[in-house]
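Each chain gets a letter, A, B and so on, in the order the sequences are listed, and its residues count up from 1.
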Amino acid sequence: MDLITAPTTNATGNEVRVRFCPSPTGTPHVGLIRTALFNWAYARKTGGTFIFRIEDTDASRDSEESYEQLVEALRWLGLDWDEGIDVGGPHEPYRQSQRGEVYQDVIQKLKAAGHLYESYLNADEIKERNLAAGRDPQMGYDNSERELSDSERERYIAEGREPALRLRVPDQDISFTDLVRGEITFPKGSFPDFVLVRPGGQPLYTLVNPVDDALMGITHVLRGEDLLSSTPRQIVLYNAMYDIGVAKFIPQFGHLPFVMGEGNKKLSKRNPESNLFLHRDRGFIPEGLLNYLALLGWSIAADRDIFTLEEMKQSFAIGSVNPNPARFDQKKADAINSAHIRLLSDADFANRVLPYLQSAGLITSDPTAKRAGNHQHRRTATKRAHDRALRVGWHARLLLSDSAEVEFEQAAIESLPENAKEVVSAALEVLKPLQDFGAQSIQAALNAELVERLELKPRIAFGPVRVAISGRRVTPPLFESMEILGKDLSLGRLEAFLIRPLR
RNA sequence: GGCCCCAUCGUUUAGCGGCCUAGGACGCUGCCCUCUCACGGCAGUAGCGCGGGUUCAAAUCCCGCUGGGGUCACCA
C-alpha cells in the first residue's frame, strides 16, 4: 500500500502521445468519433503522435465487422493516425487480443511486488459479508482478503476455487488536474480494492487499458466523462506500475463532455442519430460532420462556427473544451453540413454525389437506366442540386430517378394549400400540349395559367407543383428540374400526385 | 445510498470581476431578393436555476441549496 509517488508527465509539443482506443462493439457512435476527433486535433495541434489501438479484450462482444467499421470511419473522415492498426509502430501489436503475453508479464511483476493479491470471494459472498457486517451492500468489496493466511488459501483451493486478482488501493485522497475540469479530488475510501484479473488469468479492461497506455507512453488521456470516476483507480494502478518499472509517469487526463440525445440522457447506441454511418448515408460529408462534432464541446471563436479540419488542427486547445454536456441537435448538424456542401466546387460536389446515385441504383450498366447514365443529365442535375443541397445526394437522386413514384416528405404534405390538387391539375392541362419542354417554356406556360389567369399567388401556384414533382418542400429550381426530368416523367409525377390521397 | 461531474436564450456556444442595458450560431417569426421553395440580406423572439456571502463592482470568485448527469462489475 504505497502512497502515490509516481510523477505526472508534463510532456508538451512533439512529446505528446495521445490515443484513440475503442472497443469494436457495434457500429461507430458519434460520441466515440468526437473523442477520436479531439485526440487527433490535440496531436496535430501539438505536433505530437496520434495512436490508434483496439481494445478487443471481450471476445463475446467484439466483432471483426465492428473493427472494420471503426477503421473505415476514421479513413472516411480523414483522421489519420501515426501509429497503430495497419500502419504499425514501435509498440506492436495494437490489438489487445494479441497482447496476452504482455499482460501476463505485467501481472507477474505486479503480483511479485505485492500490489496484487488473490481474492477468492464471489459476488454473493461479498454481499453476504456486507449484510452480516451491517455495511451497505452497495459499498462493494470489503478488502477482507488482503492478508489471507496460507491455510485459508489452501482451503479455497481445495474447494476447487481459482482466485481473481485485486489491486491494493492505498488509504489516501487521490487528486489530479483534469485538463478540461481542473482539480478533482476523490476522498480516500471512495472505492475498494478492485479486480484486475479474472479467475483463470484473463486480464480485464481495468488492467489492460492503463498497461497499454503506460507501455505505449501515452502522455494525455482524452476520453469521455463516463470514465472520469475510474481515473483515480487508474492512478493507483499507474503508481504500482511505476513501482515495478512498467510506467514512467502518470499521464494527464482530460474528460470530454457527454453527447446527449433527447431528454436528459446520453445519446444511446439505440438512437439512430448516434450512428455515424447513418449520417453518411443520409448525405453528410466529412467536413460537415466533423465540424458539427467539434462544436460538441469546443468552439473556434465567439462569432463563428463554420470551419475546416485544417483550421481546427491549428487552433484546438483542450483547455478550452467546455465541460457541459452537449446535445446532439440534428437540425444544427444539417445546417452545418449544408454550409460545407455549399463551399464545395461543382466538380467536387458532383463526385460526392456519385456514390449516392450508385447505391440508389441510378447509375448502372443497364442501358434502360438511360437518364442517370447520361453524363449531360447527370452534370446538369447535380449542378442544380448543389445550390440547395442540405445533404449530398438528396436532390440529385430525385432528378435522376426514372420513376414517377415519389416519396413524400411529411413537411411537404403539410405545406400544401387546400386547393393543391386543383392547382396541379391546371398545371398538368397546360403542360400537356407543350412542344418545347424547356425550363423557359414551362415557366411561361405555368405562369400564364396559374399566376395570370387563375390569379394565384406564386407561392400557392408553384408550391403544389414542386411537391408533386419532388415530394419535397425544398428542391432545385422547379422549371429546370422539370426539364431535366423530361416531359413524360414530369407529367407522370403530376398525374400520380392527383390520384394520391393527401393527409 | 457513497463518491464524482455539470448548471448562460428552445438548442449550442461567447463570457474567465468593471468593455454585459449578456454577443454569435441553429431553430422560430416578419420583411427584402426571386413571377416558386431554398440560398443570400435585414429585423425580431428568447437566457445568466435559487439563496447567502466576498467586493466600490459578480453571469464571472466562495459557500449552501435545488436540479440534472455519471459511476460504484470477475463490461469496456
Participant: With no hydrogens and no angle check, just 3.5 Å: does a side-chain donor-acceptor pair link A/Glu145 and A/Tyr141?
Facilitator: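 A/Glu145 vs A/Tyr141: donor-acceptor pair found between side chains.
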Participant: Hey, which of these two, A/Pro187 or A/Val321, hits RNA chain B nearer its 5' end, going by closest nucleotide?
Facilitator: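 By nearest-heavy-atom nucleotide position, the 5'-most residue is A/Pro187.
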Participant: Over how many whole Å does the gap from A/Leu446 atom CG to B/rU36 atom P extend?
Facilitator: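 Those two atoms, CG and P, are 13 Å apart.
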Participant: With both distances under 3.5 angstrom, what nucleotide forms a Watson-Crick or G-U wobble pair with B/rA25?
Facilitator: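 Pairing partner: B/rU11.
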Participant: Which base sits across from B/rU71 as a Watson-Crick or G-U pair, both distances under 3.5 Å?
Facilitator: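 Checking every strand shown, B/rU71 finds its partner in B/rG2, with both distances under 3.5 Å.
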Participant: Between A/Arg473 and A/Ser415, is any side-chain donor less than 3.5 angstrom from a side-chain acceptor?
Facilitator: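 On atom types as modelled, these side chains do not qualify, holding no pair under 3.5 Å.
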Participant: With heavy atoms under 4.0 Å as the rule, sort A/Gly297 into base, sugar-phosphate or nothing.
Facilitator: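 Sugar-phosphate, no base atom in range.
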Participant: Quick one: do the A/Arg342 and A/Ser338 side chains pair a donor with an acceptor below 3.5 Å?
Facilitator: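 Yes, A/Ser338 and A/Arg342 have a side-chain donor paired with an acceptor closer than 3.5 Å.
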Participant: So, the side chain of A/Thr8 versus the backbone of A/Pro251: is there a donor-acceptor pair under 3.5 Å, distance only?
Facilitator: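 No; zero donor-acceptor contacts below 3.5 Å.
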Participant: May I ask you to decide if the ring planes of A/Tyr238 and A/Phe253 are parallel, tilted or perpendicular, using 30° and 60° as cut-offs?
Facilitator: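 Because their plane-to-plane angle is over 60°, the rings of A/Tyr238 and A/Phe253 count as perpendicular.
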Participant: Determine the interatomic distance between C1' on B/rA59 and the same-named atom on B/rG49; round to the nearest Å.
Facilitator: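 Going atom to atom, C1' in each nucleotide, I get 12 Å.
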Participant: Between B/rG15 and B/rG30, how many Å separate the two C1' atoms, rounded to a whole number?
Facilitator: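 Those two atoms are separated by 30 Å.
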Participant: Atom CG of A/Leu267 and atom C1' of B/rU12: how far apart are they, to the nearest Å?
Facilitator: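 Answer to the nearest Å: 15 Å.
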Participant: Only pairs under 3.5 Å count here: list side-chain donor-acceptor contacts from residues 198-206 of chain A, not counting sequence neighbours, and write none if there are none.
Facilitator:
{"residue": "A/Arg198", "atom": "NH1", "partner": "A/Gln202", "partner atom": "OE1", "Å": "3.2"}
{"residue": "A/Thr206", "atom": "OG1", "partner": "A/Val195", "partner atom": "O", "Å": "2.9"}

Participant: Which whole-number value in Å describes the distance from A/Arg327 CZ to B/rG27 C1'?
Facilitator: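 Rounded to the whole Å, the gap is 14 Å.
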Participant: For every nucleotide of nucleotides 62-76 of chain B, 5' to 3': is a protein heavy atom under 4.0 Å from its base (B), only from its sugar-phosphate (S), or from neither (-)?
Facilitator: ------SSSS--BBB
Participant: Parallel, tilted or perpendicular for A/Phe176 and A/Phe186, by the 30°/60° rule?
Facilitator: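 Correct class here is parallel.
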Participant: Distance check, P atoms only: B/rU55 and B/rC48, in whole angstrom units.
Facilitator: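 Taking atom P in both B/rU55 and B/rC48, they lie 27 Å apart.
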Participant: Under a 3.5 Å limit for both distances, which nucleotide forms a Watson-Crick or G-U wobble pair with B/rG47, could you say?
Facilitator: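 Check on B/rG47: unpaired, no WC or wobble geometry under 3.5 Å.
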Participant: Using the C1' atom as the point on both nucleotides, what is the distance between B/rG51 and B/rA43, in whole Å?
Facilitator: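 Between the two C1' atoms, the distance is 39 Å.
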Participant: Between B/rU13 and B/rU29, how far is it from one P atom to the other, in whole Å?
Facilitator: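 Per the computed distance, 24 Å lies between those P atoms.
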Participant: Suppose we define a pair by two distances each less than 3.5 Å, Watson-Crick or G-U wobble; what does B/rG30 pair with here?
Facilitator: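 Looking at the geometry, B/rG30 pairs with B/rC42.
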Participant: Determine the interatomic distance between P on B/rG24 and the same-named atom on B/rA46; round to the nearest Å.
Facilitator: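 Those two atoms are separated by 14 Å.
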Participant: Identify whether any heavy atom of A/Arg181 sits under 4.0 Å from a base atom; if not, whether one sits that close to sugar-phosphate; answer base, sugar-phosphate or nothing.
Facilitator: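 It contacts sugar-phosphate atoms only.
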Participant: With respect to the phosphate group of B/rU36, does any side-chain polar atom (N or O) of A/Asn447 fall under 4.0 Å of OP1 or OP2?
Facilitator: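 A/Asn447 to B/rU36 OP1/OP2: no side-chain N or O under 4.0 Å.
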Participant: With rounding to whole Å, what would you report as the distance between B/rA25 and B/rA14 at their C1' atoms?
Facilitator: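 So the two C1' atoms sit 11 Å from each other.
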Participant: Does any donor atom in the side chain of A/Ser175 or A/Thr185 lie under 3.5 Å from an acceptor atom in the other side chain?
Facilitator: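 On atom types as modelled, these side chains qualify, holding a pair under 3.5 Å.
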Participant: Which whole-number value in Å describes the distance from A/Phe307 CZ to B/rU12 P?
Facilitator: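 Nearest whole value for this atom pair: 17 Å.
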Participant: Taking B/rU11 as the reference, what is the distance to B/rG69 when you measure between their P atoms (whole Å, please)?
Facilitator: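 B/rG69 and B/rU11 have their P atoms separated by 15 Å.
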Participant: For A/Leu293 and B/rU12, give me the distance from atom CG to atom P, rounded to whole Å.
Facilitator: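 It works out to 15 Å between those atoms.
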Participant: Assess the side chains of A/Thr231 and A/His255: does a donor N or O sit below 3.5 Å from an acceptor N or O?
Facilitator: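 Their side chains do contain a donor-acceptor pair, which is all the 3.5 Å distance test asks for.
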Participant: Could you check how far CG of A/Asp136 sits from P of B/rC3, rounded to whole Å?
Facilitator: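 Distance, rounded to whole Å: 12 Å.
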Participant: Does A/Pro323 or A/Gln443 map to a spot on RNA chain B nearer the 5' end, using the closest nucleotide for each?
Facilitator: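 By nearest-heavy-atom nucleotide position, the 5'-most residue is A/Pro323.
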Participant: Considering every strand shown, what is the Watson-Crick or G-U wobble mate of B/rA57 when both distances are under 3.5 Å?
Facilitator: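 Looking at the geometry, B/rA57 pairs with no nucleotide.
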